[in-house]
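See below for the structure under consideration.
The chains referred to below are lettered A, B, ... by the order of the sequence lines, with proteins before strands, and numbering in each begins at 1.
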Protein chains: 2
Amino acid sequence: MAGQVAGSVHGLTAGVARMYKLLPDGRRQVIGFALPGDFLGTVPSDRYSFSADAIGSVSLCHLSREAFAQFIEQRPQFLIRINEFAARELMLAQEQMLLLGRRTAEEKVASFLVGWRQRLAHIRNGPQILALPMSRQDIADYLGLTIETVSRTLTRFERQKMLIIVSGGVRLLDPARVAAVAAARKIRRK
Amino acid sequence: MAGQVAGSVHGLTAGVARMYKLLPDGRRQVIGFALPGDFLGTVPSDRYSFSADAIGSVSLCHLSREAFAQFIEQRPQFLIRINEFAARELMLAQEQMLLLGRRTAEEKVASFLVGWRQRLAHIRNGPQILALPMSRQDIADYLGLTIETVSRTLTRFERQKMLIIVSGGVRLLDPARVAAVAAARKIRRK
DNA sequence: CGCAACATTGAAGCAGATCAAGGCATGTGG
DNA sequence: CCACATGCCTTGATCTGCTTCAATGTTGCG
């Protein structure tokens, strides 16, 4: 799967996907990562577009715009579920705006690790290994950073014994301290 | 009006409001500006919080969580309207993520002017004056910049004859060129 | 007027970007 | 099995766009 998502509804049933937007000159912003149970292109809407593609292999179920409208008509209470999902997406998007606009690189990476762990916890919780199926470039484009800054920040966390970088992810040694960095309580002047 | 927005629904009927999130150390991210017809706290949801307050004077209509639930039950088709509004908000939020994460200061300010003009156009279109009822600090916190950068960028646009800074807003001399800067087509090395 | 809040402007500093090499796997074909 | 690509990832050096710091200007109002 790859390409534009609009005018129809997709539900992700397995795997991980990234959603992103591009600027004409190629700069990319990853809007979010989708996990099983998530919808892509939440509600059909014209002149609204982002792209999505798979990280590894995924499976999805697809509903055309018409089929979706029909489905809604038959089960109006399902709209409430969709609505709750949209509200959660909006909440996540607003948190992400705060992250992109006002957090430092360290806080961004730490917040990402905490947030990703929380999302995976709902699915299934490995021992202390946090799987990161997306590339460093994906993480950078999600956090509004460069790949080098993400890499450097992770190695700094490793040197500080907060985690160990392993193939395909990260082993969290001190989740509490990662969360503390994400929370950003240290006072900044002014 | 000021303070947390959660567990109930507000509809703005007049004036302008800003919605924002704060970090514990005081850094602020303005999430959006609300105009008449917009909802604040779109869908009631727990552990979801941002703040909002008025820019100038506003009037709103307020619905408690219970009243809202009851209202929805009586008119299910109204949920579709709410849903469309949520989808538009989500679209705007994703555009804003792209802006915050990947655009330069110049592109951010130009995009803001274009976007704000579009939103006001729906309401009513003044001659060529674009009213900016919010402060420079609000604009900076919306764009993930500092007040100084916003000010300098506007002055640069003024020197380039794209606009004139007037009290309470800006007079657009060359909207097309502002839009061109916002679109960011110039090729960046790589 | 005189103060208070907001805005502009300039100079200096720095966090993160850019540029530039290497690692380190996995693959592949000789 | 080894030479040698190829695609990430890491690491270091340098650069720069935006922030920070510090005045100064402007506006509105009691």
Side-chain angles (χ1 to χ4, degrees), chain A residues 18 23 25-30 55-56 99-112 131-160 163-170 181 184 186-190, chain B residues 18 23 25-30 53 55-56 99-112 131-160 163-171 181 184 186-190:
Chain A
R18 69 184 149 240
L23 249 18
D25 62 4
R27 279 173 286 171
R28 187 179 71 148
Q29 178 68 38
V30 170
I55 298 170
L99 179 145
L100 290 167
R102 288 298 179 224
R103 293 176 119 104
T104 66
E106 275 207 351
E107 291 164 5
K108 283 177 175 181
V109 174
S111 298
F112 168 70
L132 300 175
M134 68 293 285
S135 72
R136 292 287 189 272
Q137 187 64 65
D138 290 333
I139 298 175
D141 286 346
Y142 183 57
L143 300 177
L145 297 171
T146 59
I147 184 171
E148 293 96 329
T149 300
V150 172
S151 183
R152 274 186 252 271
T153 305
L154 283 174
T155 40
R156 198 175 320 130
F157 286 169
E158 189 171 46
R159 275 201 300 270
Q160 292 172 177
L163 52 79
I164 297 172
I165 299 168
V166 297
S167 160
V170 123
V181 173
K186 13 176 198 197
I187 301 103
R188 324 186 93 221
R189 61 227 144 280
K190 169 55 215 259
Chain B
R18 67 184 152 241
L23 248 20
D25 62 6
R27 278 174 286 173
R28 186 178 73 148
Q29 178 66 39
V30 169
D53 52 32
I55 298 170
L99 179 145
L100 290 168
R102 288 296 179 226
R103 293 178 122 105
T104 66
E106 276 207 350
E107 291 164 5
K108 284 177 176 183
V109 174
S111 298
F112 167 70
L132 299 175
M134 70 292 285
S135 72
R136 293 287 188 270
Q137 187 64 64
D138 290 334
I139 299 174
D141 287 346
Y142 183 58
L143 300 177
L145 297 170
T146 59
I147 184 173
E148 292 96 329
T149 300
V150 171
S151 182
R152 275 186 253 272
T153 305
L154 284 174
T155 324
R156 198 174 320 128
F157 286 168
E158 188 171 48
R159 273 201 300 267
Q160 291 169 182
L163 51 80
I164 298 172
I165 300 169
V166 297
S167 161
V170 124
R171 170 179 284 271
V181 173
K186 13 174 199 202
I187 301 104
R188 324 186 94 220
R189 60 226 148 277
K190 158 54 215 246

Considering only dT9(C), dT10(D), dC18(D), which nucleotide approaches the side chain of Ile165(A) most closely? dT10(D)
What integer distance in Å separates [X]:[atom1] from [N]:[atom2]?
X	N	atom1	atom2	value
Ile147(A)	dG23(C)	CD1	C1'	14 Å
Arg136(A)	dC24(C)	CZ	P	15 Å
Arg159(B)	dT9(C)	CZ	C1'	10 Å
Asp138(B)	dA7(C)	CG	P	9 Å
Arg103(A)	dA15(C)	CZ	C1'	17 Å
Gln137(B)	dA5(C)	CD	C1'	12 Å
Ile164(A)	dT10(D)	CD1	C1'	17 Å
Lys108(B)	dG17(D)	NZ	P	14 Å

For [X], answer base if it contacts any base atom (sugar-phosphate contacts may also be present), sugar-phosphate if it contacts only those atoms, and nothing otherwise; contact means non-hydrogen atoms under 4.0 Å.
X	value
Leu154(B)	nothing
Ser135(B)	sugar-phosphate
Gly144(B)	sugar-phosphate
Thr155(A)	sugar-phosphate

May I have the step-by-step check of side chain to side chain contact (heavy atoms under 4.5 Å, CB included) for Glu107(B) and Arg102(B), ending in yes or no? CA-CA 10 Å; Glu107(B) 291 164 5; Arg102(B) 288 296 179 226; over 6 Å; no
Minimum heavy-atom separation for Ser111(A) and Leu99(A), please, with both atom names. CB-CD1, 3.7 Å
Does a side-chain N or O of Thr149(B) approach OP1 or OP2 of dT19(D) to a distance below 4.0 Å, or not? yes
Measure the [atom1]-[atom2] distance between [X] and [Y] for me, rounded to the nearest 0.5 Å.
X	Y	atom1	atom2	result
Leu163(B)	Arg156(B)	CG	CZ	11.5 Å
Leu132(A)	Phe112(A)	CG	CZ	5.5 Å
Thr153(A)	Glu106(A)	OG1	CD	6.5 Å

Of Leu145(A) and Ser167(A), the one whose closest nucleotide on DNA chain C sits nearer the 5' end is Leu145(A)
Nearest-nucleotide check on DNA chain C, Arg152(B) vs Arg152(A); residue mapping nearer the 5' end is Arg152(B)
Counting distance alone, no hydrogens or angles: does the base of dC19(C) have a donor or acceptor under 3.5 Å from a partner atom on the side chain of Glu148(A)? yes
